[in-house]
Amino acid sequence: MKVLKIDHIGIAVKNMDEALKLYQDVLGLKLTSTEVVEEQKVKVGFIPVGDSEIELLESTSPDGPVAKFIESRGEGVQHIALRVDNIEQALEELKAKGFRLIDEKPRYGAGKARIAFLHPKGTGGILLEISER
Ligand code: ZN
């Protein structure tokens, strides 16, 4: 498994327009596009920062994972995504090392990525995503 870089940081927000006041108006970053991932009940806003991205996550439904996250933990960093060169190989390797996975197989992620989440029980409480694109 080869981890290439921090792909993005996923930040749960209640309202994307509201959050953009910080990222665009104050920090001078640019929202380049948005995408709704129906399966995750989330609208994702992409904000490139150098070689990585901030992804703003706004729930499209009160029962979506991001809405539930905000309900229990409040707005803030929801997950960190590491880009790997080969996601199947990475998952095989993690499984072989006895690592707990949320996704055994890659699934569709925003930005045409293939992603999988690792279980926070094995990562010191951080929701870690691995991503290939
Ligand atoms: Zn992500």
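The basis for the numbers below is simple: all heavy atoms, side chains too, and nothing from hydrogens, waters or symmetry mates. For ligands, and for the atoms within them, numbers begin at 1 and follow the listed sequence. Note that the structure is a prediction, hence the values are computed from the model and not measured. Counting begins at 1 with the first residue of the sequence.
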Point-to-point distance, once rounded to the nearest 0.5 Å, from CD1 of Ile130 to CD1 of Ile87: 4.5 Å
Of all pairs that satisfy ring pair (Phe, Tyr, Trp, His ring centres under 6.0 Å), the ones with a partner from residues 6-64, not counting sequence neighbours: His8-His79
Would you check if Glu18 and Val13 make a side-chain contact, meaning some heavy-atom pair closer than 4.5 Å? no
Counting only protein N/O/S, how many atoms fall short of 2.8 Å from the Zn ion (ligand 1)? 3
Set out, in order, the CA-CA distance, both residues' side-chain angles and the distance that settles salt bridge (Lys or Arg N to Asp or Glu O under 4.0 Å) for Asp63 and Lys41, then state yes or no. CA-CA 8 Å; Asp63 67 346; Lys41 298 178 180 172; 3.2 Å; yes
Residue Ile6 excluded, over 12 heavy atoms near CD1 under 6.0 Å: no
Under 4.0 Å between a side-chain nitrogen and a carboxylate oxygen: does that hold for Lys5 and Asp51? yes
